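These notes are about the structure you will find just below.
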Amino acid sequence: MDPFSAEGELVNIHTAFTQGQYQAVVNDYTTSDFSSTNTLPVQIIQYRAQCALGQYDEVIGAISDSDARRTPDLAAVRTYARYLQRPREEAPAVQEAERLAESEGDNLSVQLLCGTVFARAGKEEQALQLLSQHQGSLDAVALIVQIHLAQNRTDLALKEAKSARSFAQDALLVNLAESWVGMRQGGEQYQKAFYVFEELAQAPGSTSAVSLVAQAVSEIHLGRIEEAETALGAALELEPDNANALANRLVLDVIAGRDAAEARRKLEAVDKEHEVLADMVAKREAFRAATAKYNPKFEP
Amino acid sequence: MASTSPMLTKFESKSSRAKGIAFHPKRPWILVSLHSSTIQLWDYRMGTLIDRFEEHDGPVRGIDFHKTQPLFVSGGDDYKIKVWSYQTRRCLFTLNGHLDYVRTVFFHHELPWIISSSDDQTIRIWNWQNRSLICTMTGHNHYTMCAQFHPKEDLVVSASLDQSVRVWDISGLRKKHSAPTSMSFEDQMAVSRGGQNQADMFGNTDAVVKFVLEGHDRGVNWVAFHPTLPLIVSAGDDRLVKLWRMSETKAWEVDTCRGHFQNASACLFHPHQDLILSVGEDKTIRVWDLNKRTSVQSFKRENDRFWVIAAHPEINLFAAGHDNGVMVFKLERERPASAVHMNQLFYITKEKHVRSYDFGKNLESPSMLSLKKLGSAWTPPRTLSYNPAERAVLVTSPADNGVYELINLPRDASGTVEPSNTMRGPGSAAVFVARNRFAVFNQANQQIDIKDLSNSTTKTFKPPPGTTDMTYGGPGCLLLVSPTTVYLYDIQQKKQLAELAVAGVKYVVWSTDGLHAALLSKHNVTIVNKSLEQVSTLHETIRIKSATWDDAGVLLYSTLNHIKYTLMNGDNGIVRTLEHTVYLVRVKGRSIYCLDRSAKPKVLTIDPTEYRFKLALVKRHYDEMLNIIKTSSLVGQSIISYLQKKGYPEIALQFVQDPQTRFELSIECGNLDVAVEMAKQLDRPKLWQRLSTEALAHGNHQVVEMTYQKLRNFDKLSFLYLATGDQAKLQRMAKIAEHRGDMTSRFQNALYLGDVENRIDMFQELDQYPLAFLTAKAHGIDEKCQEILEASGLTEEEVTLPSLGKPMQPARAIVPTFKANWPTRSTGTSSFEKALMADGDEIAAPATNGHADEDFLAAEEAPANGLIEEGEDDDAAAGWDLGDDAAPDAEADDFVDVGAESPGRAGSSEADLWTRNSPLAADHAAAGSFDSAMNLLNRQIGAVNFKPLEERFLEIYSASRTFLPANAGMPPLVNFVRRTPGETDPRKYLPLIPRDVESVQSGELAAGKTAMKGNKLEDGISCFKKALHMLMVNAAPSQAQVQEAQQSVQQAAQYVLAMSVELERRKLVGSTTDISSLPEDQRKRALELSAYFTVPAMEPQHQTLALFSAMNFASKNKQMGSALSFANALIERGTNAKFKETARRVKTQAERSPTDAIDVEFDAFNEFDICGASHTPIYAGEASSACPFDGIKYQTKYKGTVCRVCEVCEIGKASSGLRLTV
């Protein structure tokens, strides 16, 4: 039986991971509670949660070279953690990922983790190719959907999500993936996505900063600014240093006509290299470059 | 016998501990009150949280819906009882009085009463209409845990931790409160007030204890009346559920239900069946037989203790609250087992009788067979399979882990017959597979046996692992269902033929021809063919209950509340709504046959037109479609948009009368003839524009020509004539250009025509002698050269010439393309159209040739002044680099591309669409295309200095992107915020622009005015300048808003000007009013500036300030003439009474000698503007230059510099005007 299916024993920890309850994934589960066949998957999920929490050193430290040699899953985790730790200067990690993809391409962990590394390193084609080997894994589907969306291929993302819907019906990841697509489609899809995010974010058992941010984002798109502020406030209360929450706070401040400097300062303090900040710097330069074409005269 | 069976759970919620539950009597709603102080309102059918009510402080234990009004009541640990309206979503009022936790609250079934029980040992009855306490019932000497009204009689039953159950008679209370109607309002008030006192003073005369029931050894947690019988059931901490009976005079314990091994929390009678349900802290729900007091069923939950149970008053639903939420469930399946053969339906009634029903005669047979002995008493049979050859039925029941029974039906139904000669055996599913064989599936040992009619096994095989169900799979085959997959299994070959990944299939419905089957899951319908290949699939958010096939191959299926259809290709729609759930068994013509939940056959009427039409469309049966169109009233907006969406615009075109829609459709299907016809009818520039684009794409230049003529698109027209080689018309265009006085156009036409002389003449007209000379020289027209030299008074030697190349001549057209269209793509009459045509009325084909162009040109020959303006408009529009002109073609290509692109290639982002969709600088800035945004601003308002706009650009850019966290480890997904969230047409996507006109008005503009009032001019200037920059890069939803924005721009600019004038004066003289010590030229300048301060158009109250200050300044400095004019203006226009008073005084003083000490350049009676740079007057008629954005005027010498007010635009630059709306 598929250990991730509704009756399998991994379903809870996997759901918690999907819902972005990373701390809970790390704290509330111990590998010894699971049957021996599931020990490895649990460990992988926990390592991934640790990475999501930024504890890269712990993950890298916990996996020895011999572990990595023996188990491709662990090797993939280590590569993943190394890459995420320093995404800008980790060419070796990418090479390692390529090696793993080559030799262990049918391993799900390798697909997911190396796929993420590729996607982040700008090798989307390679990521998609690797992920396409998955055998009905919804995690892989979700990742594929995201990569398509990042490439602005909403059509392909939608196709992927729809096909997942046909075999996994109402699974959480399918709902999420559809919602991500919906956020690009707009119109009624905004509202549908909002329902999915809100359900996750508002139920005490499944709430997390990730879901709350998602809810806030959907509300921004629906033009419900005040509600978005509430949700975002809740997210920041839960995780004051959540970079995505801060990035969206910045957006919301601008929309509401408030001074966004405070939010920007906080974001800089948390994650200096956040995409938003980098993008803003780039855009400012682009602006200045564009102004150079004009020669205003100030004195007659 | 008790059995632990899987629950038929319909809904589950996760929350904190649920303490109270109430079903809405009509809607699919439950209220859940939680230990965390929240009250939730759920739609258990959709599984959505409708609302939350959070006003209680601490746990909420009691909750109840009113039977008819939109009200509910709650009671909590804050001692409060609250009555709420779920329509207005708020608490209407609070009933205070209890002195400790409130445990339960219930509405009376007819009187406006609420009963509550509390830890303060009392039971209270309240009138919720006049919001008063009408009765307090004391007697229990420990917490009262529960109190309920009798559903019919004037009785109350209560349970308490004092181990007793009490029955109270409240007929006294009813008598008192059903007072004679003749009472006045005051009397009623008196009575109700008196009643309250009386109850307190004389003890409980209104409510008297009728019986005290003792028998529990511990506290009693819950008690309930039977809906019809004189029975009471109670549950207590002694883990027992006790049944009591009462008569008029006494009450006694009947029996005890033992089984809970922890405190029993709540219990109730089944509303329709002889069952008791109870829940307890031992994490079980138990069902008891009311008559035998034996356990019938029990459900155990892993971790959660149960606290409360509630029953739906009408339908077979229950809800139980536990430590982590609520579950809604039903006790038994309500789907009647049935089978259809030819014209007959066989089904099993609630009484477990087999009956048949004849579809043709609409006749129900008497019951033929009783199945009382099958399975257990409380479990209905699950499936029925019919064998016409033997006239036998095969019935399965889930009782005892599944049993089947094979019974022969009596030849003629004459009444209930106990079956004789039945065969039975264990099995979770059983179906006939051949005339004399049936298959039995046993889930426990995963085995399928093929048996003959004497019930002996002839063959055995193992199904694929994980199989949960088995159904008929076509002749000689079985469909085996596992949670994720369906397998097609051949019995003969003992071989799996095919498999299909479909999750959670519950039922399989075969079409009558046996070629297709519908696999029904909870939310999905998958249509497969007989070799299990998927044909289509669809998803429903509402649960799917049943399905049946139309003879034509349309599947009709029912959800909880609708009957819907789906075609093989997955197109679906609603056929009708349902009030009650039904199970479809057959559809024939306009009738749908179904069984309802009480297993009664029903016939519903439907209108099959819509799906027949769609089916005919799919199958291209045009005759049938035609027939449907003619005979039914089908044609509506929905069918047109359906046709359009499905790619049949040419068919939709046949139905539409509305010219606008006809135009759209004809453009879409490329039917230019109709498009031209419609465009003529409507005659709107937008339509001509689109038609021209479409016609150009077709290569139909004659239509293009006509549209350009209509649009007065001279340049394009000239170019078209050039392209088609129509020299004659090109010459006329040149003439028209001359008439219009449009030099550029003339020049262009001359170029196209190769008309050198005309060009030389033009240059001369424009005093461009060097160019004229050059042109003449280049073409070797010497006499012209001479003429020009003479005219300019030069000799040839004085002119130095660059080296001249060979003059170019425009290429001559060889083929007279203009005479006729090239063969264009055939728009084709579809076979449907042919069918329509053949049927009668012919559509007159409009002549596409020679569109009355003569008239048009003739009209142009006459000098037409009005046209010039239009021409200019056109030019302005042409200024859009990315505007409408070239874009449509490129766009069309791109849109086609999107579908055809090879997978994997990155697409264009929504930001790119924004730049395509909009000519607004703000939208381009939001898209991050700063280059084009600046370009637009430069063309529209001559913007050159962009530095002040930097923040605004970045603000707009950053407000249009949100960051959605998706997969762990991946960067967030960037999403684009749209101006109109409802927009789904990619061609109309536009970004959200923060700080709209209104917010700038209420923000920066208002702040600037406040600063003006507060005399903080530096602050004011920066506010107004910021407002100008905000408005410069903005978007407005309507033309009205655009006008408002423009007014705001003017106003802000005037304020900036006024404030800068005043600031210059202050810089000159400081804050003193006495300037006698200064040199005369400075004094003069100061006085002038003070006067100019009054000129810009500010709001009256601010102008008053300026006038007042100017008047004082003037009078202090002996400028009595000026002072007098300011005083007069102040008296006339001032808004401040005190200032007017002063003005009158100054006026009288000044009138004595109205002369100025220093002669200043200010004439109050002459209209003038203030130069924005030098702050000197510009009188009417004097040459000046203005800022193209804010309209502030400047002395001509400032032309070409940056406007001092907006700090962005170039003064005097030619521009097309700011665009703020798409």
Side-chain angles (χ1 to χ4, degrees), chain A residues 1 17 20 48 51-52 80 84 116 119-120 125 128 142-143 146 149-153 155-156 165-170 180 183-187 190 203-205 210 213-214 217 220-223 244 247-248 250-251 254-255 257 275-276 280 283-284 286-287 290-291 294 296-300, chain B residues 14-16 48-49 466 501 503-504 521 523-524 537 539 898-899 903-904 906-910 928 930-931 934 938 944-947 950 953-955 957-959 961-973 975 977-978 981-984 992 994-995 999 1003 1197-1198 1200-1202 1210:
Chain A
M1 189 171 63
F17 179 77
R48 289 177 67 191
C51 288
Y80 174 74
L84 290 186
T116 309
R120 293 201 56 152
E125 294 308 303
L128 287 173
L143 198 51
Q146 177 164 13
L149 286 177
Q151 292 186 304
N152 296 313
R153 292 304 307 273
D155 52 335
L156 295 180
R165 161 77 69 194
S166 70
F167 72 83
Q169 289 212 9
D170 224 15
W180 299 334
M183 291 299 292
R184 284 290 176 83
Q185 291 173 299
Y190 281 150
V210 173
V213 171
V217 168
I220 293 177
H221 283 260
L222 282 163
N244 285 330
N248 285 306
L250 204 156
V251 175
V254 174
I255 292 176
E275 289 87 352
V276 186
M280 289 310 275
K283 275 292 155 193
R284 202 172 280 278
F287 183 90
T291 41
Y294 301 89
K297 258 185 15 176
F298 293 96
E299 290 309 319
Chain B
K14 289 207 92 180
S15 63
S16 63
T48 50
L49 181 61
S521 321
H523 292 286
N524 281 11
T537 180
H539 178 82
V898 170
S908 59
S909 90
E910 186 165 331
F930 293 164
D931 251 335
M934 288 181 190
N938 181 265
V944 286
N945 180 32
F946 288 97
K947 187 77 191 113
E950 184 170 327
F953 268 50
L954 288 168
E955 167 180 295
Y957 177 75
S958 60
R961 278 159 183 74
T962 59
F963 304 92
L964 178 69
N967 289 295
M970 289 288 284
L973 276 169
N975 283 319
V977 191
R978 291 177 198 155
E983 188 59 67
T984 50
L992 175 94
R995 306 299 319 273
S999 101
K1197 68 169 172 174
Y1198 294 102
T1201 64
V1202 174
E1210 184 182 319

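All chains are named by letter (A, B, ...) in the order of the sequence lines, taking the proteins before the strands, and each is independently numbered beginning at 1. Computed from a predicted model, the values in this text were never measured in an experiment.
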| chain A: which of B/G1003, B/P972, B/A966 shares the most heavy-atom pairs with it under 4.5 Å? | B/A966

| said: Please rank B/H539, B/M934, B/K14, B/H523 by heavy-atom pairs under 4.5 Å with chain A and give me the top one. | reply: B/M934

| Among A/A52, A/A286, A/G186, A/C51, which residue forms the greatest number of heavy-atom pairs with chain B at distances under 4.5 Å? | A/G186

| said: Once side chain to side chain donor-acceptor pair (under 3.5 Å) is applied, do any residues pair with B/K1197, and if so which ones, sequence neighbours excluded? | reply: none

| query | Where is the tightest heavy-atom contact between A/L84 and B/G969, given as atom of each residue plus distance? | reply | CD2-O, 3.8 Å

| query | How close do B/D931 and A/A290 get, heavy atom to heavy atom, and via which atoms? | reply | OD1-CB, 3.5 Å

| Closest non-hydrogen atom pair between B/L973 and A/A150, with its separation | CD2-N, 4.0 Å

| remark: Note: vs chain A, highest number of non-hydrogen pairs under 4.5 angstrom among B/S958, B/A501, B/G982 is B/S958

| Closest-packed option against chain B by number of heavy-atom pairs under 4.5 Å, given A/Y80, A/Y190, A/F17 | A/Y190

| said: Between A/N248, A/L250, A/N244, who has the most heavy-atom pairs with chain B when the cutoff is under 4.5 Å? | reply: A/N248

| Do you know which of A/E299, A/M183, A/R165, A/R184 has the most heavy-atom pairs with chain B at a distance under 4.5 angstrom? | A/R184

| What pairs with B/S999 under side chain to side chain donor-acceptor pair (under 3.5 Å), at least two apart in sequence or on another chain? | B/R995

| query | So which heavy atom on B/P971 is nearest to which on A/Q146, and how close? | reply | O-NE2, 2.9 Å

| request: Run through A/I255, A/V217, A/V213 and flag the one making a side chain to side chain contact (heavy atoms under 4.5 Å, CB included) with B/T962. | output: A/V217

| Counting heavy-atom pairs under 4.5 Å to chain A, which of B/T1201, B/V944, B/L49, B/N967 comes out on top? | B/N967

| request: Using non-hydrogen atoms and a 4.5 Å limit, figure out which bit of B/E955 sits close to chain A: side chain, backbone, both or neither. | output: both

| Nearest atoms (heavy-atom pairs only) where A/G187 meets B/T984 | CA-CG2, 3.6 Å

| said: Is it the case that the side chain of A/K283 and the backbone of B/G928 share a donor-acceptor pair, with hydrogens and angles ignored and the cut-off at 3.5 Å? | reply: yes

| task | Can you see which heavy atom on B/F963 is nearest to which on A/A247, and at what distance? | result | CD1-CB, 3.9 Å

